[in-house]
Number of protein chains: 2
Amino acid sequence: MSTVEHRAAALKALIASEHRRVTSYDVATLAGVSQSAVSRCFKPGASVSKTTYELVMKVAALLDYIPNAAARSLITRRSNMVALIITNQANLYYPELLAEVSQQINARGKRVLLFTLQRESQVDHVLADVWQYQVDGVIAAAQLSPVHIAEFERRGMPLVLFNRTMRDQIVNTVTCDHLEAGRLLASRLAAAGHRQFGIIGGGRDSSVATERQRGACERLAELGLPPPVVVPGQYDYRSGAAGLKAVIAQLGTVPDAVICGSDVMAIGCLDCARHELGLDVPGQLSVAGFDAVEPSNWASYNLTTLRQPVPRMAAAAADLLCERIDSHDPGTEKRVFSVEFIDGATARLTPAGATPPRVATGLPRPVAIM
Amino acid sequence: MSTVEHRAAALKALIASEHRRVTSYDVATLAGVSQSAVSRCFKPGASVSKTTYELVMKVAALLDYIPNAAARSLITRRSNMVALIITNQANLYYPELLAEVSQQINARGKRVLLFTLQRESQVDHVLADVWQYQVDGVIAAAQLSPVHIAEFERRGMPLVLFNRTMRDQIVNTVTCDHLEAGRLLASRLAAAGHRQFGIIGGGRDSSVATERQRGACERLAELGLPPPVVVPGQYDYRSGAAGLKAVIAQLGTVPDAVICGSDVMAIGCLDCARHELGLDVPGQLSVAGFDAVEPSNWASYNLTTLRQPVPRMAAAAADLLCERIDSHDPGTEKRVFSVEFIDGATARLTPAGATPPRVATGLPRPVAIM
DNA sequence: TTGTAGGCGTTATCAG
DNA sequence: CTGATAACGCCTACAA
């Protein structure tokens, strides 16, 4: 007499010899039910009797059967995959972004198909793959052109941009208010008496750095302070040192404060100031960054910086995308978060809320800065 | 008279109204060829006349047609996807690993399905997804149990472990020789006259830290030095400071050198020694790490450490996996890389190749240390 | 609750 | 080189 275990083993051997996979049909045959019954057992909330369910599951386990996602997505037209397009830089500087997005997407029953970009030019290649793989939606932490955005539109592919803003584009985004962040930093530094600023910006393709820089400049102008010296940077450690020297060269003297477009540049700036130029920070020079990356909090730096709520932003991006996927509604939405001020030890600051210097324009001073 | 462009536009509208995708059949109809002809045009190296090819491609472009990967993988039994399983920690400390692996996999015509692990317990969940999605192979930078490994075997799923070794398991791995790295560091420090060592290890589940630690201890014993004080760590900044204090407490004095299981811990140790305990590093205490992460090279640290050739290892992992996938050969292989010594400024060292102290056991001294 | 039958969109085979 | 036809493994009305 042959038990179901024995017959399962024999069937498995046969299947292996035929170089094919275990299918729902195999399970059905062995369990003595129809193929659709098996299918229903693997669909949550389907109508199956408890007896059938248990029998099918037992046989499935015996055969190591697992439904084939490709076949499923063919008929459901849902791959349950989301593409995540991210630049190398973004992952280097916010490694937690990836983990958070991935966790959030998985928590919503979808998988992440990952594409990392080394160069801007790889975008076209990556998008071709995205269309092929029939992902349900895309989260992009990379610069897309309006032409690319239009293609998403045309194909009806839900898209969420992470920390990228596109002027005049109707598209879902999750961002921090980087303009406000730049203004805030300028306000706080100006309130503490800094007058001459240097700014080390980010790359040309980064809307984030541009916004931060614009916010700071705007605010300094409002306060009637002398125009800051602005030099470009590439977001890396070396840019910080090079940027500081360039600022000093252009100014002919050491500025009161340097605002850097990212923490890594701020740290480069800081190390250069202290170890290479022998400057006292914050005594002679204040240095501030953006992002609050892990090293900014280390004892050797203790950087004055602004933190983005990356985990919350990642969750929002996942949320927003899944909403768009499930609702089939092409409407767009922008979710904007505020930064958190990190009062480190690399800038001379007066306590938040202290009276800032009267603004040159004579405007009433803002009620609250933070 | 209706041009092909007009008819394409009309067909697209029809397809959209039917809520279905553009298929190769649509292209075939519009181009006046068979569906198989269209299929062949998208298969590199297939036998198609130039005329047909160009006609089909033109029509395909007009319709925005792109082959459906799910349907293809159903029949070819190849998804051209590779799962990458990585712990959050690994991505935090080696963010370049992800980018490199991803690039290498893409360069080989495959995509990366990403799974990040927050906890060990998520492995089972992740593996279930891996089977569902019919990936062609898996690269794992996470700890898998022998039971998991056996399941890969059973399902004939190619697997490459990244920087994890499994005793008595027949499995493909790409690793650094961490035992050798630990020995090397101990040798160099001992050669420079350090006698009493402290070691801050890694978590229990990390074979990497264990090997490094074992190598160092082994070598110190061979050299007849007093047994080092070993304390556990969790790979993070705080563990470095806590570890240093624990070592000092256990020893009753400051050791000559502390070997840390990772750079981040070494940096924590360094900051604690300098800023909290007021110790002169390397004057009173030498500190060394492992991994040569980016901050280890910053001016404030300039850490003595060992670098793993991460890009080469990533390429090797991708290579090895693709080989296993394409060859259908279940044979396994282990690729082992050597670390590179980074002679920073946090340890007193004599130049490489200088005569080390005679070993206590009287064995002939090794020909070359590096 | 269960089984039957058709189709998702592609590639592979084979005859012409 | 080209076209007809049969899979691939599953989901889903629909009928029983």
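Throughout, protein chains are lettered first and strands after them, A, B, ... in sequence-line order, and every chain is numbered starting at 1.
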Taking [atom1] from [X] and [atom2] from [N], how many angstroms apart are they, rounded to a whole number?
{"X": "B:Asn80", "N": "C:dT10", "atom1": "CG", "atom2": "P", "result": "15 Å"}
{"X": "B:Arg78", "N": "C:dA12", "atom1": "CZ", "atom2": "P", "result": "11 Å"}
{"X": "B:Asp26", "N": "C:dT10", "atom1": "CG", "atom2": "C1'", "result": "13 Å"}
{"X": "A:Gln132", "N": "C:dG9", "atom1": "CD", "atom2": "P", "result": "15 Å"}
{"X": "A:Leu74", "N": "C:dC8", "atom1": "CG", "atom2": "P", "result": "9 Å"}
{"X": "A:Glu18", "N": "D:dG9", "atom1": "CD", "atom2": "P", "result": "11 Å"}
{"X": "A:Asn68", "N": "D:dA7", "atom1": "CG", "atom2": "P", "result": "18 Å"}
{"X": "B:Tyr53", "N": "D:dT2", "atom1": "OH", "atom2": "P", "result": "13 Å"}

* Which of these, A:Asn91, A:Leu97, A:Leu92, sits in a side chain to side chain contact (heavy atoms under 4.5 Å, CB included) with A:Tyr94? -> A:Leu97
* Please say which of B:Val38, B:Asp26, B:Leu30 ends up in a side chain to side chain contact (heavy atoms under 4.5 Å, CB included) with B:Val59. =>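 By the side chain to side chain contact (heavy atoms under 4.5 Å, CB included) criterion, B:Val59 pairs with just one of B:Val38, B:Asp26, B:Leu30: B:Leu30.
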How would you label the contact of [X] with the nucleic acid (heavy atoms, under 4.0 Å): base, sugar-phosphate, or nothing?
{"X": "A:Tyr65", "value": "sugar-phosphate"}
{"X": "A:Ser47", "value": "base"}
{"X": "A:Val48", "value": "sugar-phosphate"}
{"X": "B:Thr23", "value": "sugar-phosphate"}
{"X": "B:Phe42", "value": "nothing"}

Just to confirm, is there a sub-4.0 Å distance from OP1 or OP2 of [N] to any side-chain nitrogen or oxygen of [X]?
{"X": "B:Arg77", "N": "D:dG9", "answer": "yes"}
{"X": "B:Lys43", "N": "C:dA12", "answer": "yes"}
{"X": "B:Tyr25", "N": "C:dT11", "answer": "no"}
{"X": "B:Thr76", "N": "D:dC8", "answer": "no"}

* Over 12 foreign heavy atoms within 6.0 Å of NZ, A:Lys12 ->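 Check passes, neighbour count above 12.
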* Pair A:Arg119-A:Ser121, side-chain donor/acceptor within less than 3.5 Å ->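 The criterion, which ignores hydrogens and geometry beyond distance, is satisfied for A:Ser121 and A:Arg119.
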* Asked: If we only count heavy atoms from C-beta on, is the A:Thr116 to B:Glu100 side-chain gap below 4.5 Å?
  ->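 The answer is no, as the side chains (C-beta and beyond) never meet within the 4.5 Å cut-off.
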* Structure fact -> Tightest non-hydrogen contact, residues A:Val171 and A:Lys334, listed as O-NZ, 2.9 Å
* Asked: Any ion pair linking B:Glu323 and B:Arg108 (charged N to carboxylate O, less than 4.0 Å)?
  ->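 Salt bridge: no.
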Identify the pairs formed between an N or O of the protein and an N or O of nucleotides 3-5 of chain C at a distance under 3.5 Å, and give each distance.
from	atom 1	to	atom 2	distance (Å)
C:dG3	OP2	A:Ser34	N	3.0
C:dG3	OP2	A:Ser34	OG	3.1
C:dG3	N7	A:Ser36	OG	3.4
C:dG3	N7	A:Arg40	NH2	3.0
C:dG3	O6	A:Arg40	NH1	3.3
C:dT4	O4	A:Ser36	OG	3.2

